[in-house]
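Remarks on the structure that follows.
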Amino acid sequence: MLYPQSNPLRQSIDLSGFWDFRFDPEDAGLSAGWANGFTGGYPIAVPASWNDQFEDWRDYLGPAWYQTRFDLPWGWEERRVYLRFGSVNYLAEIWLNGVRLGQHEGGHLPFEFDITPHVKREGNLLVVRVEGELAPDRVPPGNVPPDPLDTFAGINYPDTTFDFFPFCGIHRPVLLYAVPYDAIADLTVVTEIVENRGIVRVHLDRTTADSATARFVLRGHGTEVMAELPAAEETVEAVLTVPGAAFWSPEEPNLYELAVELMRGGEAFDRYTLPVGIRTIAVEGDALLLNGRPLMLKGFGRHEDFPITGRGLVPAVIVKDYALMKWIGANSFRTSHYPYSEQMMDLADRLGFLVIDETPAVGLFFREEGLERRLELCRQYVRELIARDKNHPSVIMWSLANEPHSKRPAAKAFFRDLYDLAKSLDPTRPVTVVSMLGETEEAFEFCDVVCLNRYYGWYTECGQLDKGCRKLSEELDALHAKYPKPLILTEFGADTIPGCHAQPPEMFSEEYQAEMLTRYIEILNSKPYVVGQHVWNMCDFKTGQSVRRMGGFNYKGVFTRDRRPKLAAHRLRELWTGEGTKGG
Ligand code: BDP
């Protein structure tokens with residue numbers, strides 16, 4: 001799925017801004033005809049979550065209604081016009097000029113509609129109904145009835161199976177875009193390295209099978225390689241060879257620009273340009289190899305979370321977060337626990353970050369009721385995520401889920417299904433499941449990389465880092481003996497109240513967090529099969545309310561929610577860059 005772009009042959013406009021908004025706690029909007037437009041709304045910012053924009057609606061999860069009006073730009077009559085949503089959490093239903101376009105389930109992933117038959121030159125009315133209630137047959141699930149095997153039930157308000165606030169609303173830009181009727185529909189780029197050559201395979205999907213020429217030009221680093229092929233079918237394959245290629249890596253995130261054009265009579269009628277990083281990713285024995293060289297991932301599990309805007313896109317926060325990750329010496333992160341914005345992914349390519357790209361499947365449980373529906377949704381998420389992110393050199397692994405409650409036998413078949421699906425869609429990248437179970441996680445039998453979350457010295461062995469670290473070390477060796485694959489510790493950390501100090505270190509103090517992370521990293525560095533260390537979390541973030549979450553926040557950030565470093569941030573910088581800083 002291509003992100004809309006503007007060039008002389010196609011155009012995209014952003015409908016972000018202040019829209020009209022109404023809460024609908026009685027769920028009366030549909031029968032009252034709000035799909036044809038409503039009155040009495042108040043202004044709301046799009047994109048952003050609704051929860052913190054108003055006085056007293058924080059815990060309200062829907063339904064709610066959005067509307068805006070737009071005119072088409074000049075010259076769009078001869079074009080096919082699409083309406084595209086980057087992310088609406090959780091359920092979106094959309095009407096244009098009173099015509100129902102359809103619905104989409106699940107946040108964090110884009111969806112679009114061909115609106116050509118329904119759009120007018122001017123005075124268009126777009127209405128969106130959003131609903132984010134938590135339910136056991138949704139993914140991620142919520143309001144799950146208690147059961148001894150699923151210990152999360154009823155511990156949070158709102159009653160999530162996961163540990164972050166279930167923000168709702170239109171979270172990413174809403175775009176209108178126009179393309180020719182005969183257009184480039186999709187591009188899939190796969191790269192290989194042969195000695196010093198880069199091999200770039202491009203698969204082009206067209207909307208129409210009609211005679212044309214497809215031109216592929218790859219430019220950058222003093223090279224230009226071109227292929228021109230006859231294109232009469234709906235797909236075209238091109239192979240471009242770049243001699244003496246500048247490969248993509250975190251140290252040198254070299255990108256080429258691929259320009260693809262459809263031409264007739266020597267003239268281009270559609271064009272799409274895509275950044276391309278030439279790199280390979282592979283698992284070999286205990287190692288994770290980028291361009292044939294072993295990787296050590298250093299970085300974080302994170303969240304898209306910021307005051308007021310909630311889970312809405314804030315470009316300045318993205319820039320700041322990358323600046324802080326560079327400063328601290330991180331080279332990697334996981335999109336815990338859902339796909340991040342397309343803007344975040346673009347900058348990962350440009351700045352050289354290695355991304356474990358995770359679907360929104362967090363807090364899964366495997367009781368029979370609703371299981372088939374949850375599996376179908378997870379399949380949809382895998383398809384949508386790979387369609388969206390397959391061309392990013394920064395994406396080195398797909399994560400199918402975070403911390404599933406896999407104790408029931410159904411879990412293994414569930415993940416085998418998703419693993420096979422991911423591999424069939426993208427055979428080039430490793431696939432994993434991030435688990436808290438350790439040795440009893442049966443999905444580790446077929447996953448390419450073992451990803452484990454651990455909190456010894458925090459949730460267990462409270463205040464006892466010696467004991468906790470011994471347990472960690474022993475468990476890692478045992479896990480590796482059972483599953484001899486590369487292992488990433490995808491979460492470890494301690495809640496830390498900024499300004500709280502203790503010597504000797506005590507839980508919740510800045511010293512305890514710094515000490516715990518240091519001790520964990522020493523252990524991880526001593527195990528040759530450990531290929532990654534992701535601290536939980538980069539920043540403090542909003543959660544529901546529970547006895548574990550003071551003021552409705554998870555304080556495991558090494559930066560505060562407004563991005564100020566705690567003591568541990570300085571310590572990590574020393575460990576990851578070898579450079580000392582004050583306070584570390
Ligand atoms: C892990 C979860 C993560 C939580 C973290 C914690 O994967 O979402 O926020 O624990 O408890 O279990 O801080």
Side-chain angles (χ1 to χ4, degrees), residues 107-108 134 139-142 144 149-167 299-305 311 333-340 356-365 399-407 411 415 432-438 440-441 443 450-462 468 472 475 488-498 507-508 512-513 516-517 520 532-561 566 568:
H108 324 287
L134 298 165
V139 177
V144 177
L149 283 185
D150 306 318
T151 46
F152 50 79
I155 60 172
N156 305 310
Y157 175 71
D159 191 358
T160 54
T161 60
F162 48 88
D163 182 35
F164 53 89
F165 194 83
F167 284 114
F300 299 97
R302 308 177 62 260
H303 268 294
E304 287 187 329
D305 173 273
R311 195 142 290 126
F333 62 90
R334 172 168 61 117
T335 70
S336 43
H337 297 311
Y338 38 79
Y340 290 177
I356 301 178
D357 207 357
E358 189 158 284
T359 76
V362 54
L364 285 174
F365 66 104
S399 162
L400 301 173
N402 179 69
E403 295 200 351
H405 294 250
S406 309
K407 288 184 187 138
F415 286 119
T432 192
V433 168
V434 174
S435 176
M436 59 180 166
L437 291 189
T440 57
E441 178 61 69
V450 170
C451 288
L452 182 73
N453 296 346
R454 274 296 169 257
Y455 290 92
Y456 299 130
W458 186 255
Y459 290 120
T460 59
E461 296 75 42
C462 299
L472 175 74
E475 186 189 13
I488 301 171
L489 200 65
T490 25
E491 287 187 23
F492 56 105
D495 286 85
T496 304
I497 306 304
M507 291 174 78
F508 291 99
Y512 193 85
Q513 183 187 37
M516 178 173 173
L517 300 185
Y520 266 60
Q533 35 191 267
H534 279 176
V535 170
W536 189 258
N537 188 285
M538 178 169 166
C539 303
D540 296 340
F541 60 91
K542 182 88 191 82
T543 65
Q545 299 174 64
S546 83
V547 288
R548 306 176 307 158
R549 297 289 170 257
M550 200 171 68
F553 288 100
N554 184 310
Y555 279 105
K556 294 194 185 69
V558 301
F559 297 93
T560 61
R561 201 180 187 209
K566 300 179 190 172

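Each ligand, and each atom within it, is numbered from 1 in the order the structure gives. What you are looking at is a predicted structure, and each value in this text was computed from that prediction instead of being measured. Atoms considered below: every heavy atom in the structure, side chains included; atoms not considered: hydrogens, waters and symmetry mates.
- No side-chain donor-acceptor contact under 3.5 Å links Thr161 to the backbone of Gly142.
- No part of Val362 comes within 4.0 Å of ligand 1, judged by heavy-atom distances.
- Geometrically, Lys542 engages Phe553 in a cation-pi contact, judged by NZ or CZ lying under 6.0 Å from the ring centre and within 45° of the ring axis.
- Within the cation-pi definition used here (under 6.0 Å to the ring centroid, within 45° of the axis), Lys556 qualifies as a partner of Tyr455.
- Here the side chains of Phe492 and Gln533 are in contact, with some heavy-atom distance below 4.5 Å.
- For Phe164 and Tyr338, the gap between ring centers is short of 6.0 Å.
- Looking at Arg311, its side chain does come within 3.5 Å of a backbone N or O of Phe165 through a donor-acceptor pair.
- Contacts of Arg454 with ligand 1, taken as heavy-atom pairs under 4.0 Å, are absent altogether.
- No donor-acceptor contact under 3.5 angstrom links the side chains of Thr560 and Asp540, judged on distance only.
- Applying the 4.0 Å criterion to heavy atoms of Arg549 picks out, from ligand 1, the atoms 6 (C), 11 (O), 13 (O).
- Shown in contact with Phe541 at under 4.0 Å from a heavy atom are these atoms of ligand 1, numbered in order with element: 9 (O).
- Every heavy atom of His303 sits 4.0 Å or more from the atoms of ligand 1.
- Neither the backbone nor the side chain of Phe162 comes within contact range of ligand 1; no heavy atom lies under 4.0 Å.
- The closest approach between Phe164 and ligand 1 stays at or above 4.0 Å for every heavy atom of the residue.
- In terms of N/O distances under 3.5 Å, ligand 1 is not approached by Arg548.
- Here Trp536 has side-chain heavy atoms under 4.0 Å from ligand 1, and that is the only part of it that gets that close.
- Distances from ligand 1 to the non-hydrogen atoms of Trp458 include no value under 4.0 Å.
- Close approach to His337 involves these atoms of ligand 1, each under 4.0 Å from a residue heavy atom: 3 (C), 7 (O), 8 (O).
- The nearest heavy-atom contact from the protein to atom 12 (O) of ligand 1 is Glu403 OE1, 2.5 Å.
- The atoms of ligand 1 that sit less than 4.0 Å from any heavy atom of Tyr459 are 6 (C), 11 (O), 13 (O).
- In this structure the side chain of Asp305 reaches within 4.5 angstrom of the side chain of Arg561, judged on heavy atoms.
- When side chains are defined from C-beta on, Val434 does not count as touching Ile356, because their heavy atoms never get closer than 4.5 Å.
- Remark: ligand 1 atoms within the under-4.0 Å shell around heavy atoms of Asn453 are 7 (O).
- With a 4.0 Å cut-off on non-hydrogen atoms, Phe492 does not touch ligand 1 at all.
- Qualifying salt bridge (Lys or Arg N to Asp or Glu O under 4.0 Å) partners for Asp357, counting only residues two or more places apart in sequence or in other chains: none.
- With a 4.0 Å cut-off on non-hydrogen atoms, Asp495 does not touch ligand 1 at all.
- In this structure, the side chains of His303 and His337 come closer than 4.5 Å at one or more pairs of heavy atoms.
- In Thr543, neither the side chain nor the backbone holds a heavy atom less than 4.0 Å from any atom of ligand 1.
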